[in-house]
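Have a look at the structure below, then the notes.
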Amino acid sequence: MSSLDWREIEIKYRGKPVKGRYNFSDNVVTVAAWNGTKAAQLGILPAERLAQMLLRELAAGMPE
C-alpha cells in the first residue's frame, strides 16, 4: 500500500468531526486514525461506507 493510495474520510461522531484515512486493497478496507487502525474484509457494502463504519468504531474507543 502506497501512501498515495490513502483517501481522507470524515464523519460526525457525537456531534464532533472525526477524521481519518482509508485504503482499499485485496478486498480489505483499512482505516487509520489518531488512535489506531482497523481493517475489515469487504462484503456487500461499498468501500467508503465500510471505512465510515470502521472509523466510527475507532471513535467509539476514544476518551471523551
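FYI, side chains are in, hydrogens and waters are out, and symmetry mates aren't considered; it's all heavy atoms of this structure.
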Please collect all salt bridge (Lys or Arg N to Asp or Glu O under 4.0 Å) contacts where either partner lies in [range], sequence neighbours excluded, each pair once.
range: residues 28-44; answer: Lys38-Glu57
range: residues 44-55; answer: none
range: residues 26-36; answer: none

Taking the side chain as everything from C-beta on, heavy atoms only, tell me whether Leu42 gets closer than 4.5 Å to Leu50.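 A side-chain contact exists here, since the closest heavy-atom pair is under 4.5 Å.
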Looking at side-chain heavy atoms only, is the closest gap between Val18 and Trp34 below 4.5 Å?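 Sidechains of Trp34 and Val18: in contact.
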Atom [atom1] of [X] and atom [atom2] of [Y]: how far apart are they, to the nearest 0.5 Å?
X: Asn23; Y: Thr30; atom1: CG; atom2: OG1; result: 6.5 Å
X: Met53; Y: Leu58; atom1: CE; atom2: CG; result: 12.5 Å
X: Gln52; Y: Ile9; atom1: CD; atom2: CD1; result: 4.5 Å

Answer yes or no: is there a donor N or O on one side and an acceptor on the other, between the side chain of Arg56 and the main chain of Lys12, under 3.5 Å?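 Looks like yes, one N/O pair under 3.5 Å.
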Side-chain donor or acceptor of Asp5 paired with backbone N/O of Phe24 under 3.5 Å: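 A pair under 3.5 Å: no.
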Tell me the closest heavy-atom pair linking Leu54 and Val29, and the distance in Å.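 It is CD1-O, 3.7 Å.
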Over all atoms of both residues, closest heavy-atom pair of Gly61 and Asn35: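 In this case the closest contact between Gly61 and Asn35 is C-ND2, 4.4 Å.
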Return the set of residues passing side-chain contact (heavy atoms from CB on, under 4.5 Å) with Glu10 (not counting sequence neighbours), or none when no residue passes.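 If we apply the side-chain contact (heavy atoms from CB on, under 4.5 Å) test to Glu10, skipping adjacent residues, the hits are Pro17, Lys19.
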